[in-house]
2 protein chains.
Amino acid sequence: MDDQLPQMLRSDARDNRDRVLEAARRLFSEQGLGVPMREIARRAEVGPATLYRRFPTKQALIDAAFTDELRACSGIVRDGCADPDPWRGLSTIVRDITELNATNQGFVDAFVSSYPGAVDFAAHRSGMLRALTGLWRRAQQAGALRPDTVVDDLILMIMAGRGLPPGPPTLRAAAARRFAALILDSLRASPTTGPLPPPARVAHHASTNS
Amino acid sequence: MDDQLPQMLRSDARDNRDRVLEAARRLFSEQGLGVPMREIARRAEVGPATLYRRFPTKQALIDAAFTDELRACSGIVRDGCADPDPWRGLSTIVRDITELNATNQGFVDAFVSSYPGAVDFAAHRSGMLRALTGLWRRAQQAGALRPDTVVDDLILMIMAGRGLPPGPPTLRAAAARRFAALILDSLRASPTTGPLPPPARVAHHASTNS
DNA sequence: ACGTTAACGGACGCCCCCGTCCACTTCGCT
DNA sequence: AGCGAAGTGGACGGGGGCGTCCGTTAACGT
């Protein structure tokens with residue numbers, strides 16, 4: 001809650017805290033939540049003890065690290081729900097969240113399932129869920145969204161985004177765009193399907209060399 | 001080499017080997033590949049050494065355990081590709097694989113990414129991929145499948161299936177059915193969309209107790 | 001400049017998991 | 001029944017990750 005008023009820390013402490021957070025954000029985004037605390041400490045050029053003094057547990061660090069992305073996520077939903085054209089708003093939400101997802105490997109894990117306990121997360125989630133439900137209804141009333149779908153379908157799709165193949169960020173982003181476009185086409189009521197983004201070459205794990 | 005021929009094992013050894021395989025299959029399916037070897041041994045009422053004598057490494061056990069599912073997967077693809085109606089064949093493949101996937105938590109991981117080294121896996125995969133490519137072309141020529149899609153899109157969707165929310169088998173299966181139906185609708189060329197399976201209530205992780 | 005005190009980080013304990021070793025047991029054959 | 005070999009399981013070593021302790025360092029006030 002009080003988050004220790006970082007400006008009351010000694011200058012070096014504040015500096016180190018910032019570097020830790022930055023390293024955590026980068027490493028979590030790149031490699032998911034499995035990154036060892038040691039690795040983050042090393043990347044921040046800090047000893048493990050320092051890291052643990054600012055963030056008593058790994059969960060605390062995860063929460064702090066993803067606060068920004070959480071805000072971004074809330075913003076995406078808010079903006080999309082504010083769009084007068086509900087379908088356009090929904091499309092934007094799906095695309096942006098899917099991309100956020102692909103760019104930040106661990107975000108969905110941190111947010112939706114991984115560890116319980118992050119209070120802010122729960123609050124944000126229920127708020128977003130409520131807003132999305134409203135948007136969903138409006139989109140269906142406008143005849144843009146299939147009437148036989150529910151918000152849970154969206155959640156399902158977002159969760160499914162977790163399973164997208166790993167790989168370099170460029171590939172991940174391409175796969176995410178393609179995925180989002182396909183999802184949207186499956187939710188659309190009218191068959192007015194626009195052009196798809198380029199197909200994503202999925203990493204076929206070239207175990208047979210060649 | 002000669003370590004095969006399980007019928008040449010002593011009767012108790014053969015018995016234990018079978019129990020180990022059975023336990024491995026069950027636990028991997030239920031909880032994914034993260035299950036400790038000890039747990040499998042315990043479940044099979046066997047010491048760790050016994051387990052390791054039959055399957056020198058965890059990978060070996062995984063390979064052996066998923067041989068059946070691999071065969072099932074191949075069968076699904078073969079049957080689907082043999083269907084004179086390419087769209088119906090494709091639908092069946094998507095539905096069945098997605099369900100296989102939901103039922104066997106670790107299967108896709110074992111097959112597509114997890115560990116390299118399983119020779120059989122690679123062979124099966126390239127064969128299935130070739131067959132699927134043919135089916136894909138036929139479905140597109142028949143006008144049932146969107147012309148701007150590629151086989152990689154299917155792979156993408158199957159991979160995405162890994163991210164479906166965890167939970168009791170019943171929920172997982174429901175989510176998988178819903179997911180498969182939505183995928184199929186996004187790949188279909190004609191807007192002749194049939195009724196969807198019941199929406200899957202996604203586990204909202206009730207962290208806020210109540 | 002200098003002492004106080006917050007902050008630092010290397011070293012430590014703990015736990016879990018993989019894979020191995022060895023003294024004992026059980027099967028199978030005669 | 002008896003004997004040898006195959007088989008078994010408890011105990012062990014190695015590695016890695018999380019979180020903690022304590023001697024040392026360096027920032028801040030006077």
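Per chain, numbering begins at 1; letters A, B, ... match sequence-line order. Treat the numbers as computed from the prediction; the structure is a model and nothing was measured.
Partner Leu154(A) forms a side-chain contact (heavy atoms from CB on, under 4.5 Å) with one of Leu129(A), Val94(A), Thr133(A), Ile97(A) and no other, that one being Val94(A).
The shortest distance between side-chain heavy atoms of Leu184(B) and Trp87(B) falls below 4.5 Å. Taking the side chain as every heavy atom from C-beta outward, Trp136(B) and Leu90(B) approach each other to under 4.5 Å. Looking at heavy atoms from C-beta onward, Val77(B) lies out of side-chain contact with Leu135(B) at the 4.5 angstrom threshold.
For Pro36(B), taking side-chain heavy atoms from C-beta onward, the closest of the listed nucleotides dC17(C), dG10(C), dC27(C) is dC17(C). In the set dA7(C), dC18(C), dA11(D), dA11(D) carries the atom at the smallest distance from any side-chain atom of Pro48(B). With dG9(D), dA7(C), dA11(D) as the candidates, the nucleotide lying closest to the side chain of Arg38(B) is dA11(D).
Salt bridge status for Asp185(B) with Arg146(A): present, with a side-chain N to carboxylate O gap under 4.0 Å. The pair Arg42(A)-Glu39(A) counts as a salt bridge, with a side-chain nitrogen and a carboxylate oxygen less than 4.0 angstrom apart.
A donor and an acceptor atom never sit less than 3.5 Å apart when one is taken from the side chain of Arg54(B) and the other from the base of dG7(D). The base of dA7(C) lies outside donor-acceptor range of the side chain of Arg10(A), with no N or O pair under 3.5 Å. Residue side chain Arg53(A) does not reach the base of dG19(D) through any donor-acceptor N/O pair under 3.5 Å, judged by distance alone.
Rounded to a whole Å, the CZ atom of Phe55(A) is 14 Å from the P atom of dA7(C). If you measure from atom CE of Met37(A) to atom C1' of dC18(D), you get 8 Å, rounded to the nearest angstrom. In this structure, CG of Leu51(A) is placed 16 Å from P of dC21(D), rounded to the nearest angstrom. Summarising the geometry, the separation between CZ on Arg17(A) and P on dA6(C) is reported as 19 Å, rounded to the nearest angstrom. One atom, CD of Glu45(A), and another, C1' of dG10(C), lie 16 Å apart when rounded to the nearest Å. Rounded to a whole Å, the CG atom of Leu33(B) is 11 Å from the P atom of dC18(C). As a whole-Å value, the separation of Lys58(B) NZ from dG15(D) C1' is 15 Å. For Arg14(B) and dA6(D), the CZ to C1' distance is 16 Å, given to the nearest whole Å.
In this structure, Thr57(B) does not reach the dC18(C) phosphate: none of its side-chain N or O atoms is under 4.0 Å from OP1 or OP2. For the OP1/OP2 pair of dG9(C) and a distance below 4.0 Å, the side-chain nitrogens and oxygens of Thr50(A) include at least one atom meeting the criterion. Side-chain N/O atoms of Asn16(A) include one lying less than 4.0 angstrom from OP1 or OP2 on dC8(C). The side chain of Ser11(B) contributes no N or O atom lying less than 4.0 Å from OP1 or OP2 of dC27(C). Between Tyr52(A) and dT20(D) there is no side-chain N or O to OP1 or OP2 distance below 4.0 Å.
Among the protein residues, Ala13(A) comes within range of the sugar-phosphate backbone only, with heavy atoms under 4.0 Å from sugar or phosphate atoms but none that close to a base.
Ring geometry, Phe28(B) versus Phe66(B): the interplanar angle falls under 30°, so the pair is classed parallel (tilted spans 30 to 60°).
Under a 3.5 Å cut-off, the side chain of Asp83(B) and the backbone N or O of Gly80(B) do not form any donor-acceptor pair.
Terminal axes of the helix from dA1(C)-dT30(D) to dT30(C)-dA1(D) (five pairs each, C1' rotation axis) are separated by 10°, to the nearest 10°.
Of the residues near DNA chain D, Val35(A) and Ala49(A), the one whose nearest nucleotide (by heavy atom distance) lies more toward the 5' end is Val35(A).
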